[in-house]
Amino acid sequence: FTMTYEPTPQAVGRALNNLGTAYQAMNENSKAKSYYDDSLSQAVYGNDLPGQARVYGNLGNLLMVEEKYSEAIAHYTETLSISRDRATQTTAYHNRGCARYEKAESERKRHFECGECSAELLARGKSKLTFVGADVKDCEDELKLPTLPESIRKHYRSAQSDLEKVMKHHELTFKNIKGSQRGLSLSVSLFETNARTFQRLQDCSYSLGQWQQALVFAEQSRARTLGELLLGRKEKQLQFGFRTPLDLPQIVTIIQQQK
């Protein structure tokens, strides 16, 4: 249909990209990659920079599924170098941050498996971190994670940097959301990504031994969940700081707004 009615490189590239995502959804990754490659060729030929950024992002997603994290990072970086669209950049930062985290995790696992501290230390993971409430600052101090090589710590820090950029974008977006239905829908959509970002930031902080920062990210996520769920009923905007855990008076204020 596209070839008949809109045979431009941009349109053909979009159609091929859509076919790629369809095959990827059916777990036919080899076909998906073939369509993505063809889509990228069309985007380059037609000087379609948004199309190129889109395909590089999808190729990165495909590589993530295949656990080829270094290649995925390179593709997300390519998207960031091409795109000037803030939403596309935010998605790429989020995905690259997740890819860098997964790369760090895979290298950490190999490091422990090849070293002296293998099975026992591998079993002592993130489940040991205990969160009780906003005022609780302890997290099993007796747990001493082994020192990671600087090369692995660098991956965690790079992931943190990317994910922090996502949080800053979401913070600005939430501030500009009005009390409209469209604004509420956008808020819900952003919050779903926001929650995943908080989780990965928490994981990175824990892996780097930044216990207090991990607790802060956990509480920020829980506080934001409460605020968004309560205010969603009235399509109102959260007045308190985007990443500030809500205290009791603020929670009471939100509940009173529902009356």
Side-chain angles (χ1 to χ4, degrees), residues 24-30 32-33 36 56-80 91-132 136-167 192-222:
Q24 184 175 344
M26 295 187 292
N27 296 318
E28 296 189 36
N29 293 344
S30 59
K33 185 179 185 307
Y36 286 148
Y56 275 119
N58 285 336
L59 282 168
N61 295 342
L62 187 61
L63 290 163
M64 281 289 287
V65 172
E66 298 174 347
E67 299 183 358
K68 298 177 180 178
Y69 303 124
S70 295
E71 294 178 54
I73 291 168
H75 280 73
Y76 295 138
T77 301
E78 197 67 37
T79 294
L80 289 167
T91 299
Y93 275 124
H94 178 270
N95 290 342
R96 190 175 70 174
C98 290
R100 284 172 162 170
Y101 170 80
E102 294 298 341
K103 180 177 175 63
E105 286 287 282
S106 64
E107 292 189 6
R108 180 183 68 88
K109 182 177 180 180
R110 285 198 301 271
H111 171 71
F112 290 155
E113 288 176 341
C114 296
E116 298 177 356
C117 47
S118 56
E120 181 180 355
L121 284 173
L122 281 173
R124 300 170 67 184
K126 297 180 180 59
S127 60
K128 294 291 184 178
L129 189 60
T130 304
F131 304 110
V132 181
V136 176
K137 298 180 180 179
D138 58 346
C139 55
E140 296 199 14
D141 291 334
E142 72 276 9
L143 174 61
K144 302 298 183 182
L145 293 182
T147 302
L148 294 172
E150 178 57 27
S151 60
I152 298 177
R153 294 177 63 84
K154 182 178 179 180
H155 292 318
Y156 284 121
R157 288 196 296 268
S158 296
Q160 277 184 322
S161 177
D162 280 345
L163 296 170
E164 281 284 359
K165 290 182 176 68
V166 177
M167 299 310 304
E192 292 175 354
T193 303
N194 166 43
R196 293 193 297 271
T197 305
F198 269 130
Q199 181 62 55
R200 277 291 168 259
L201 280 168
Q202 176 185 327
D203 292 340
C204 288
S205 298
Y206 175 77
S207 297
L208 289 169
Q210 300 168 351
W211 316 124
Q212 185 62 36
Q213 188 61 51
L215 283 167
V216 169
F217 284 133
E219 291 306 320
Q220 287 171 346
S221 180
R222 290 202 312 175

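In this chain, residues are counted from 1 in sequence order.
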request  = Working to the nearest 0.5 Å, report the span between OG1 of Thr197 and CG of Leu163.
outcome  = 6.0 Å
Partners passing side chain to side chain donor-acceptor pair (under 3.5 Å) against Gln24 (at least two apart in sequence or in another chain) = Tyr36
ask   = So which heavy atom on Thr79 is nearest to which on Ala92, and how close?
value = CG2-CB, 3.9 Å
query = Hey, mind stepping through Tyr56 and Asn61 against side-chain contact (heavy atoms from CB on, under 4.5 Å) and telling me if it holds?
reply = CA-CA 9 Å; Tyr56 275 119; Asn61 295 342; over 6 Å; no
inquiry  = For a quick check under 3.5 Å, do Gln202 and Gln210 share a side-chain donor-acceptor pair by atom type?
reply    = no
message = Can you tell me how far apart NZ (Lys165) and NE2 (His94) are? Round to the nearest 0.5 Å.
response = 14.5 Å
query = Given side chains that start at C-beta, do those of Cys204 and Leu201 come closer than 4.5 Å, heavy atoms only?
reply = no
ask   = Atom NE2 in His75, atom CG in Asn95: separation rounded to 0.5 Å?
value = 13.0 Å
task = Please lay out, stage by stage, how Tyr76 and Thr91 fare under the test side-chain contact (heavy atoms from CB on, under 4.5 Å).
result = CA-CA 9 Å; Tyr76 295 138; Thr91 299; over 6 Å; no
ask   = Applying salt bridge (Lys or Arg N to Asp or Glu O under 4.0 Å), which residue pairs with at least one partner in residues 150-161 are found, sequence neighbours left out?
value = Glu150-Arg157
Residues forming a side chain to side chain donor-acceptor pair (under 3.5 Å) with Asp162, sequence neighbours excluded = Arg96, Arg100
key: Test item: side-chain donor near acceptor, Ser106 and Glu67, under 3.5 Å   = no
key: Shortest non-hydrogen contact between Ala159 and Gly97, atoms and distance   = CB-O, 3.3 Å
task = Could you pull out all residues at least two apart from Glu102 that satisfy salt bridge (Lys or Arg N to Asp or Glu O under 4.0 Å)?
result = Arg200
ask   = Does the pair Leu63 and Tyr69 meet the rule for a side-chain contact (heavy atoms from CB on, under 4.5 Å), with working shown?
value = CA-CA 7 Å; Leu63 290 163; Tyr69 303 124; over 6 Å; no
message = Strictly below 4.0 Å, N to O, side chains only: are Arg108 and Glu105 in salt-bridge contact?
response = yes
task = State which residues pass side chain to side chain donor-acceptor pair (under 3.5 Å) with Glu107; sequence neighbours excluded, sorted by chain then number.
result = Lys103, His155
query = Taking all non-hydrogen atoms of both residues, which atom of Ala72 and which atom of Gly60 are closest, and how far apart?
reply = CB-O, 3.5 Å
query = Could you state the interatomic distance from OH (Tyr156) to OG (Ser207), rounded to the nearest 0.5 Å?
reply = 3.5 Å
message = Within the structure provided, determine whether Val216 and Phe198 are in side-chain contact (heavy-atom separation under 4.5 Å).
response = no
query = What pairs with Tyr93 under side chain to side chain donor-acceptor pair (under 3.5 Å), at least two apart in sequence or on another chain?
reply = none
